[in-house]
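A short worksheet on the structure shown next.
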Protein chains: 2
Amino acid sequence: MQTTETTHFRRLKPVPHTSVAFTDGFWAERTRINRETTIPTQFQRLEEEGFIEVLDVDQPPKPLVRPINEYGLSMQMFFDSDFGKWIEAASYSLATHPDPEIEAKIDFLVDKLDHAQLADGYLNTWFIRRDPEKRWTNLRDWHEMYSMGHLLEGAVAYYQATGKRRFLDVMIRCVDHIATVFGREPGKRRGYDAHEEIELALVKLFRATGESRFLDLARYFIDERGAQNPHYFDEEAKEFPGGKPFNFGTYEYSQSHKPVREQDEVVGHAVRAMYLYSAMADLAAEDDDASLKAALDKLWRHLTSRQLYVTGGMGPAVENEGFTRSFDLPNETAYAETCAAVSLVFWGHRMAGIDLDARFADHMELVLHNGALSGVSLAGDAYFYENPLESHGQHRRWRWHYCPCCPTNLARLVASLGGYVASHDDENVAIHLYAASTIDLEVAGRALRLTQQTAYPWDGDIRITVEADAPVPATLWLRIPGWCRDATASVNGAPVDVAALTRKGYLGIRRDWAADDEIRLHLAMPVEALHAHPDVGMDADRVALKRGPVLYCVEEADNAAPPQHMRLAAGEAKAAFDAGKLGGVVTLAVPATIDRTADWQDTLYRPRPAETVAGTITAIPYFAWANREPGAMLVWLRDGR
Amino acid sequence: MQTTETTHFRRLKPVPHTSVAFTDGFWAERTRINRETTIPTQFQRLEEEGFIEVLDVDQPPKPLVRPINEYGLSMQMFFDSDFGKWIEAASYSLATHPDPEIEAKIDFLVDKLDHAQLADGYLNTWFIRRDPEKRWTNLRDWHEMYSMGHLLEGAVAYYQATGKRRFLDVMIRCVDHIATVFGREPGKRRGYDAHEEIELALVKLFRATGESRFLDLARYFIDERGAQNPHYFDEEAKEFPGGKPFNFGTYEYSQSHKPVREQDEVVGHAVRAMYLYSAMADLAAEDDDASLKAALDKLWRHLTSRQLYVTGGMGPAVENEGFTRSFDLPNETAYAETCAAVSLVFWGHRMAGIDLDARFADHMELVLHNGALSGVSLAGDAYFYENPLESHGQHRRWRWHYCPCCPTNLARLVASLGGYVASHDDENVAIHLYAASTIDLEVAGRALRLTQQTAYPWDGDIRITVEADAPVPATLWLRIPGWCRDATASVNGAPVDVAALTRKGYLGIRRDWAADDEIRLHLAMPVEALHAHPDVGMDADRVALKRGPVLYCVEEADNAAPPQHMRLAAGEAKAAFDAGKLGGVVTLAVPATIDRTADWQDTLYRPRPAETVAGTITAIPYFAWANREPGAMLVWLRDGR
């Protein structure tokens, strides 16, 4: 359905999340739980687990190293980032649902941070309290700018939600301090943080304030990365008192192995990579930088064709929390960190903003409904750091973690999800995500409201109605998902030639949009059995069931045998909405054969295959797994059809 | 073929390795390489890698912590054990092939060890040189008796090979020192080493000297293990200066979670487990202890029915170098330490000595020809610590390792392999392993020589001829391997009723054996495709090819595509000896289909399976893998037959 024609839409501007309201159904429910349960309980966890008290930089540093949780491990030196992400999430929520209690909690944290900030603008509570003399001596390992970047994102979000400048000003002072320390000018260090984050935060600050020095600093960090010989991290290590071991051993770990424009394969720590590419996409948009865009296209291609789980998760290895060789996608041991999935949404969203190609929003959709959403329980208060594709019941959600980066990352994404639904400029409106919702926007100064009525993702029928005081001339671009092999559409009852009008995966309908116009879009959603590339050896002769954007798995809780004993048999898979299951999901019933184990007794290997009995597999959406009693789970099912 | 009749042969005595000569073929070649290359080059490595110099306890301890190898890691505190195992291997070799140069090297090491020993008998060069005041303060983590046990095994072997008592006396002084520190008597500590080894070494010392105090000490350690409340390791930790973290977190790690007679599942660190069970079998034999034998039967059953790779390797996890949940047998990440496989041979051999049941020698044979032998290169000078069942070329043999436990462990096994071939008492002779060899033994005072002529393991025809000055009345027990489904035999041309005469997997032929008697045994060895128990999810719909005792794998080096792309197709597997390949091995040619990848391009997942072309797979013996250029390898082949 895609054409080879290149249609770039530079800087299609996202419709802000405050202009999108999820009215009912899937995302209305998920965002409600995020607002009512996830965000408040995360603050409770921060309190209970001793995070809040460590902000008191006037106190002696002892509490910093006490074991704080079931892991018996100390808090991390980058815990400021957790406050930053929580404030960001809470601010997005405040912006649409005012809540004095939440606002007071943010103000309380801002008080602490403001008090902690040093006179020169430096702000990192761990170093201020514990090792002030060591600040800026180890960019390779100590995450100072990573922490500052998350605080900065929080400050921008809080400012935009409330208009209060105090936290923003604190962080501007911090950023201005950073700019006195790092840069190409004489007397400054040509450093950059090994954990990317400050770069994209600086672009947000630039966009919020319009002050170009923040964009300049972001550009400096991006351009400098991996471009130095000798390497900054080596030079820095030479000056470090007593030397320091190279914990992770490679520059690839921090994507600093070569200049960013020469990078063509995703490597290293997955979250770092996603944050870097997000910042590169921001800069490509601001600078109209074709060389950055070209690198990003190669990196996107490498990720999506070689390194991505079928869930949208990525980064199989615990060792580097990131990428390994191409096609290395083990299932039970998949790391597939929630944060990495979340940040692929960030990157994909930015890519869709500079290139209206459905492959970007397709992956946003994939990750959102599967490998990211799996990171939080249905009740909204228990989490996964790792998102494996197979389990024998050993994977259980936790209430908190010694490295609680994922819960707040997911919370800020869900709280701002409206901002991912659509984007526009003066002539175009693009809809990236389908969900029952209203979208309010201005196109060339004229107000336009689009209302989506749909049971998506459970159903592929979408009705979009228009409200406008006066006709709005624009092309409405509707994403035709890559998974959809049969899409039909009509405008006010008149069929639209989807194939002819689709460019790079978006169906473009040009029209003077007027009140009561109605678009109907039908995206056929049969159950599909996906095969993996032959180089993904672990998935050979197996299939993953998918229906529309929703990937399925099989849990022992719904079946008479563990899914590892089951093998798909010939016959039709039946999909049905089950309101009583897992908060209401479409489940699949699939014919299968089931291995018998009784006759094996003490035999571990034998020349004769297992005997089988016929049966039916019940599959549930992957995102909803591990919400019941512990048991086996499997995404890639044995294929005997 | 097995009967339910219980025939115990307590204390069938192994024919010593000095009475068995491999005459030609498979094991003659492997033992020659072990003697001519492996043992001498291991001493070279110990010299080159700085191990020898650290024996100089009069020198300051600095060299102990310098990085010594490619891993950049320091030497381990238990490196005495490497000398012990090397001396043991070299002594076994000396006993059959005198070599003044090797003997001089052993004497050189014995000089150092004798010099290092403290006046009270304590001998551990790491603690003597570095931390003498800390000795005996941390049995849980510091392996002192483990190291002493290996030195003791070396001392016994050297004494038996040469008659020289000096090293034996050094180690007896050390053992007598141990007995003054540990025991139930007042003033002694009720401790035992978390890494078992001293127990089986003490039994060897008892058998070499006849002095019962050594057996008593072994019995004390075995009986005390896991039997205390509070746990010795906890009590010890309370007294440790400054406290100490519990690195491995569980008592199971050291099999000290409950009294040994109550243990019924193999747990924890695999080598520790095998050493403990070996010592328990020794003690069961010496004490005629049915409670120990009953526990060992349960442990054996659990291991072989739930925890054993098809290679005979075990212990899938790097984290604890050991066991995880039942049926958790991942292939590419298999730890399956060479030492663990080697020590399963030790345990199996001891079990066969107290219970002539072929399941023990079957597993000895399995491990020897596959998961243990894979630990050394064909040339005999490069090693694997881990023995995975799948690779993408990332696994390469190394010349040395910061923890070089495996090379010397394998060397001592191969150097003494003759001792595993047969055992006997005054009325019975049992042959456990088939290999071209001569076996000299005395049965009730009468000399008997058995000569095996065979191309085993490549061929299942075995001709055994008898030499005896006078007829020897005895039952000759010939193992009918569990893998064999069609065995025939004859004595002097007269057929024997194999089924009727076989007890617990051994064909028993009672006769007055006389010169020129000839037994012919035919063990049919078709290629078999083994399936794994349905709970081994990673091997579902896959098969492992095996022919006789030899397990096969597929290496990219012999094939036009990586084995992960191949799927067995209907048709006959053809076996043929290829003298030019890998030192001469039987290879298999198996019909297959091969996935095409060209049309996938950038697609990672799609609803349509891969296209295939017909082809033939060449499989090689697993033990011979990774001896050529790097490339993919696979044991469990996709089954499309």
Side-chain angles (χ1 to χ4, degrees), chain A residues 72 245 301-302 304-308 310 324-325 327-333 390 392-394 483 485 528-544 546 561-565 567 594-597 600-610 612 632 634 638-640, chain B residues 72 245 301-302 304-308 310 324-325 327-333 390 392-394 483 485 528-544 546 561-565 567 594-597 600-610 612 632 634 638-640:
Chain A
R301 178 174 170 168
H302 182 246
T304 56
S305 68
R306 298 290 183 265
Q307 298 275 2
L308 200 68
V310 71
T324 58
R325 65 175 170 78
F327 301 110
D328 181 31
L329 296 164
N331 293 305
E332 187 174 354
T333 60
E390 176 171 9
H392 289 82
Q394 76 270 44
W483 51 258
R485 288 160 234 295
E528 283 198 326
L530 296 177
H531 298 260
H533 188 290
D535 280 332
V536 189
M538 45 289 275
D539 299 337
D541 305 325
R542 292 172 179 264
V543 291
K546 196 157 173 264
Q564 288 80 2
H565 291 188
R567 201 167 179 223
I594 302 167
D595 288 344
R596 295 189 62 233
T597 55
W600 285 76
Q601 293 164 341
D602 280 349
T603 303
L604 189 50
Y605 306 108
R606 73 183 195 194
R608 191 162 50 87
T612 61
L634 190 63
R638 298 160 53 195
D639 187 15
Chain B
R301 177 174 170 168
H302 182 246
T304 56
S305 68
R306 298 290 183 264
Q307 299 274 0
L308 199 68
V310 71
T324 57
R325 65 175 168 79
F327 302 109
D328 182 31
L329 296 163
N331 293 304
E332 187 173 354
T333 59
E390 176 170 10
H392 290 83
Q394 76 270 43
W483 52 258
R485 288 161 234 291
E528 283 197 327
L530 296 178
H531 298 260
H533 188 288
D535 280 332
V536 189
M538 44 290 275
D539 299 337
D541 304 324
R542 293 172 179 263
V543 291
K546 194 154 176 265
Q564 288 80 2
H565 291 187
R567 200 166 180 227
I594 302 168
D595 287 345
R596 295 188 63 233
T597 55
W600 285 77
Q601 295 164 340
D602 280 349
T603 304
L604 189 50
Y605 306 107
R606 74 183 194 194
R608 192 161 49 87
T612 61
L634 190 62
R638 297 162 51 196
D639 188 14

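In what follows, chains are A, B, ... by sequence order, proteins preceding strands, each numbered from 1. The basis for the numbers below is simple: all heavy atoms, side chains too, and nothing from hydrogens, waters or symmetry mates.
Both the backbone and the side chain of B:D602 come within less than 4.5 Å of a heavy atom in chain A. Contacts of B:R608 with chain A are made by backbone atoms alone, with heavy-atom separations under 4.5 Å and no side-chain atom involved. Neither the backbone nor the side chain of A:V543 comes within less than 4.5 Å of any heavy atom of chain B. Proximity to chain A (any heavy atom under 4.5 Å) is shown, for B:A532, by both the backbone and the side chain. Neither the backbone nor the side chain of B:N331 comes within contact range of chain A; no heavy atoms are under 4.5 Å apart. Contact of A:L308 with chain B is made through backbone and side chain together, with heavy-atom distances under 4.5 Å.
For A:R301 (side chain) and A:T304 (main-chain N/O), no donor-acceptor pair under 3.5 Å exists by modelled atom type.
Comparing B:R306, B:E390, B:H533 by how many heavy-atom pairs each has under 4.5 Å with chain A, the most go to B:H533. Looking only at heavy-atom pairs under 4.5 Å with chain A, the residue among B:A544, B:A610, B:P534, B:G537 that has the most is B:P534.
Judged as a side chain to side chain donor-acceptor pair (under 3.5 Å), and not counting sequence neighbours, the contacts of A:H392 are A:E332, B:R325. Checked against side chain to side chain donor-acceptor pair (under 3.5 Å), A:D541 has the following partners two or more places apart in sequence or in another chain: B:R567, B:R638.
Note that CE of B:M538 and CE of A:M538 are 11.5 Å apart. Values are rounded to the nearest 0.5 Å.
Of the N and O atoms on the side chains of A:H565 and B:D535, at least one donor lies less than 3.5 Å from an acceptor on the other residue.
Considering every non-hydrogen atom in both B:E528 and B:W483, the closest pair reads OE1-O, 4.1 Å.
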